[in-house]
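Please read the structure below before turning to the comments.
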Amino acid sequence: MGREFEYDDSGATTYFFLLSGLSLYLIPATISRFFACCSSDDESSEDEVAEAPETAVKALKQKKQRLKAKKSKPWLTGSNIFFAIAWLAFIFMAYQASTFEVDAQYDPFEILGLSYSATNKEIKSKYRKLSLEYHPDRNQDDPDAEAKFIRIAKAYKALTDEDTRRNWEEYGNPDGPGEKSFGIALPSWIVSEDNKYGILMIYTLLLVVVLPICVFWYSHQSKQLLKNQLLESTIQLFVHFMDNRTKKPKDVLEVLSIAHEFRDADVTLKTSTPQTVDKIARQAGLPDPLGKGKKAWRFSGWTYAVAARVLFQAHLTRVKLPHELQIELEKALERTPMLIHALVEACVVNRRQWLTASINCMKTSQLLVQACPDTVLRDELTAVPELHEKAIKLLLHSKPPIRTIQELFINDEDTIRARLKSALTTEQLDTVMFFGRQLPFLEVEVRLTTEADQAELDTIGGECYQRDAVRLTYTLRRCQYDDWQPKAAERVQAILAQVKATQVSGKGKRKNNKGKPAKKGGAQKPSESSEPAEEPVAVEAEPSPTADAAETPDNADNDANDDNDDNADEASDGSEASEAEEDIESVWADIGVKPEEQEEEEEVSLTKAYCPHYPLEKEEVWWMFLGTPKHKGEAVDRIDTIPQRLSIGEEVTGHFLFPTPEKACTWSPNLYLVCDSYIGMDVQIPLRLVVRGTRPPPPEVDEPIPEELVGESDTEDSDEEASDEEDW
């Protein structure tokens, strides 16, 4: 039995093949568009607007309208046009396929016009009648009469002859199992002899020209992008231009604006005249962005960098932009989160380990999300809405003074309203409390263990050895104001009580010191034998986030310190310039574990950040890392672990390893938790480890040999001696 391939002359199978291919695209595309049209706005945003006071509703509604306008894309787009054309083609081909006639199954009863219960007599009688009616000799004028006569005779034979009837019943054909034909879902004109040269040219064009171009383009694009979907050229620029003198967020914005992603996104202010750009820049406090000479910006020759810098500054100062520039700003802000994380990584590659520069990059992300100028970092309270200058002075002169956001909201609502009642109206106080209830407050639990002997260390005063691997296990809980404030207030009261007790004991000892006054020009140096002085440090094992935020070295920086640090860093410029030109693979090697090699973490529900002046939706992310800040008499400013990005839902537990110093010392690092979306909510937990000398080797233990093995060893020794004597 041979096989015969038949090409589709009518095109029926071709239509069915194309219909099945189109359905693979149309079914999921239709379902996704249907749910996109039927989906309502986020109920959480509706509740947020409903609960907000009147002074905060305006900003939230404006952001909601911007997001809604952005999601409601115009219907006349390329994807929608292709979708409509695909549906029209599907309907057309379905109609064409339905018009083709399909050969029915061979049925001799139907041909003779008999029922299935007809007897042999009825079959013979019907056959004689039809054969006489359609005999070719009697119907010479009918060209179809002969075919009908043959068909009737074949049907009669299929019902009267035993072998023929068996073939019909088993195979559906009175002639038995015939040759199987396989159809190919290609129209016959493709394999026709007349069109063979044209089809060959099309195949050659596709295989020799189109396919190599597509492969080369895909390979070129994939080589430019790294694992975090950033351009390789952007990473190289960040590594080259970032230095340890990046002391302020404005310096970070300058380096951020040169990312090639802004160039590819066409952020060039092309829709505005130079006069408009200059006007916007002056309103944003960035005069003369295109200036020349000594006051020229070092990236003023890069058009897209100037555009991004002007847009960022206008966003920080909340300058109202034209619609075209607002679209370009949103394009730039979409790429900002991953670019800032790349800047953080640029501060730790090539053995840089710059702590201050890394924290400044993270602070820049906070400013961009909350749309606040860099002056907010020196006075956090200005970031709280409706807190004007008079209210801030009132808080600074209160007892105890309130300088940070966490110090403000560690008080209960009645206390806050009582302190600000004389400076703010009731509506303004409602806005302040609404803002406080949107902030994330962290509760942190830390545990330290050594990998060598699994010994648990105290966070303050724990003893370890040089080059030990220490495992830090953490538990982070994200709380709201109503849940966090009572617990934090209790901890602060406990700390203040212990500090007060320590001060009282110190005064008692000072009376026994023969009344000697303290040295002029500074505080009296504490005695080495005064053990109670260590008690406040021990309490800091579970510190209050408020106290940590107040002690952050970034908040205490001023212009005088920046100038001194700049002079101290000039000596390292030569080595840094040579390191910045290393290959990008070495950059990833220094960063540490690549994204695809990191351990899989549990899925955490993402939390949307409260940022009414940010034109996009933002997920709240935290950086966690270990760093050694500058201490008195020490020139240390080092980040000790690669910053990790965490999304905290309600509670997150994890761990990471870090090495101890190579020399014996008292090491005082800090565990930093920095949020990328909120100002003043960072947590800094001080640690102190006493690093001893080299770890002693484990003692050797002589294990007793079992009696069974002792007997076997004796017999083996005797056999060896006997064999030696025979050889001799």
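Here, residue 1 is the first one in the sequence, and each next residue gets the next number.
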Check whether any side-chain heavy atom of [X] lies under 4.5 Å from a side-chain heavy atom of [Y], and answer yes or no.
X      : Y      : value
Pro629 : Tyr672 : yes
Tyr610 : Leu439 : no
Phe312 : Leu368 : yes
Ile392 : Asp379 : yes
Ile405 : Met681 : yes
Asn670 : Leu626 : no
Trp623 : Ser365 : yes
Arg309 : Glu254 : yes

Is the side chain of [X] donor-acceptor paired with the backbone N or O of [Y] at a distance under 3.5 Å, no angle test?
X      : Y      : result
Gln370 : Ser677 : yes
Thr234 : His260 : yes
Arg352 : Val239 : yes
Glu407 : Arg403 : yes
Glu445 : Leu476 : no
Thr473 : His655 : no

Run the numbers on Tyr678 and Phe435 for ring pair (Phe, Tyr, Trp, His ring centres under 6.0 Å), then give the verdict. CA-CA 11 Å; Tyr678 295 99; Phe435 175 77; 7.8 Å; no
Evaluate the criterion ring pair (Phe, Tyr, Trp, His ring centres under 6.0 Å) for residue pair Tyr304 and Phe299; output intermediate values, then yes/no. CA-CA 10 Å; Tyr304 73 93; Phe299 303 120; 9.5 Å; no
Just by distance, no angles: are the side chains of Thr660 and Trp667 close enough, under 3.5 Å, to form a donor-acceptor pair?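 Checked: Thr660/Trp667 side chains show no N/O donor-acceptor pair below 3.5 Å.
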Atom pair [atom1]/[atom2] of [X] and [Y] - distance to nearest 0.5 Å:
X      : Y      : atom1 : atom2 : result
Trp622 : Gln644 : CH2   : CD    : 15.0 Å
Ile258 : Leu339 : CD1   : CG    : 10.5 Å
Thr641 : Gln353 : OG1   : CD    : 9.5 Å
Phe409 : Arg437 : CZ    : CZ    : 9.0 Å
Leu377 : Lys248 : CG    : NZ    : 11.5 Å
Ile416 : Leu424 : CD1   : CG    : 11.5 Å

Is the CZ atom of Arg318 crowded by more than 12 outside heavy atoms at less than 6.0 Å?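 It does: Arg318 CZ has more than 12 such atoms within range.
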Smallest separation among heavy atoms of [X] and [Y], with atom names:
X      : Y      : value
Gly649 : Arg478 : O-CB, 3.3 Å
Val376 : Ala383 : CG1-CB, 3.5 Å
Met624 : Tyr474 : CE-CE2, 3.1 Å
Leu329 : Leu311 : CD1-O, 3.6 Å
Cys675 : Glu620 : SG-CG, 4.0 Å
Leu381 : Leu395 : CD1-CD1, 4.0 Å

Carefully, step by step, assess Phe625 and Val674 under the rule side chain to side chain contact (heavy atoms under 4.5 Å, CB included). CA-CA 9 Å; Phe625 56 95; Val674 183; 4.1 Å; yes
Between Phe441 and Trp484, what is the ring plane arrangement, given parallel below 30°, perpendicular above 60°, and tilted in between?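 Parallel, since the angle between the ring planes stays under 30°.
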Would Lys618 and Asp676 count as a salt bridge (Lys or Arg N to Asp or Glu O under 4.0 Å) here? Give the steps. CA-CA 10 Å; Lys618 179 70 176 65; Asp676 72 336; 2.6 Å; yes
SB check Arg335 Glu261 (cutoff 4.0 Å):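 Here Arg335 does not pair with Glu261 in a salt bridge, since their nearest N and O are not under 4.0 Å apart.
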Working note: Asp682 + Lys363, criterion salt bridge (Lys or Arg N to Asp or Glu O under 4.0 Å); need CA distance, chi angles, decisive distance, verdict. CA-CA 10 Å; Asp682 307 334; Lys363 299 288 186 181; 2.7 Å; yes
Starting from the C-alpha separation in whole Å, work towards a yes-or-no answer on side chain to side chain contact (heavy atoms under 4.5 Å, CB included) for Ile340 and Thr336. CA-CA 6 Å; Ile340 289 182; Thr336 299; 3.5 Å; yes
Could you walk me through whether Lys630 and Asp637 pass the side chain to side chain contact (heavy atoms under 4.5 Å, CB included) test, one step at a time? CA-CA 5 Å; Lys630 291 183 179 180; Asp637 183 39; 3.8 Å; yes
For Lys608 and Glu617, run salt bridge (Lys or Arg N to Asp or Glu O under 4.0 Å): C-alpha distance rounded to whole Å, both residues' side-chain angles, the deciding distance at 0.1 Å, then the answer. CA-CA 7 Å; Lys608 291 184 179 180; Glu617 290 185 350; 3.7 Å; yes
Checking Thr607 against Ile648 for the side chain to side chain contact (heavy atoms under 4.5 Å, CB included) test, could you report, in this order, the C-alpha distance in whole Å, the side-chain angles of both residues, the deciding distance, and whether it holds? CA-CA 7 Å; Thr607 306; Ile648 305 175; over 6 Å; no
How far apart are the C-alpha atoms of Lys393 and Glu389, what are their side-chain angles, what is the distance that settles it, and do they pass the salt bridge (Lys or Arg N to Asp or Glu O under 4.0 Å) test? CA-CA 6 Å; Lys393 287 183 178 180; Glu389 185 177 356; 3.5 Å; yes
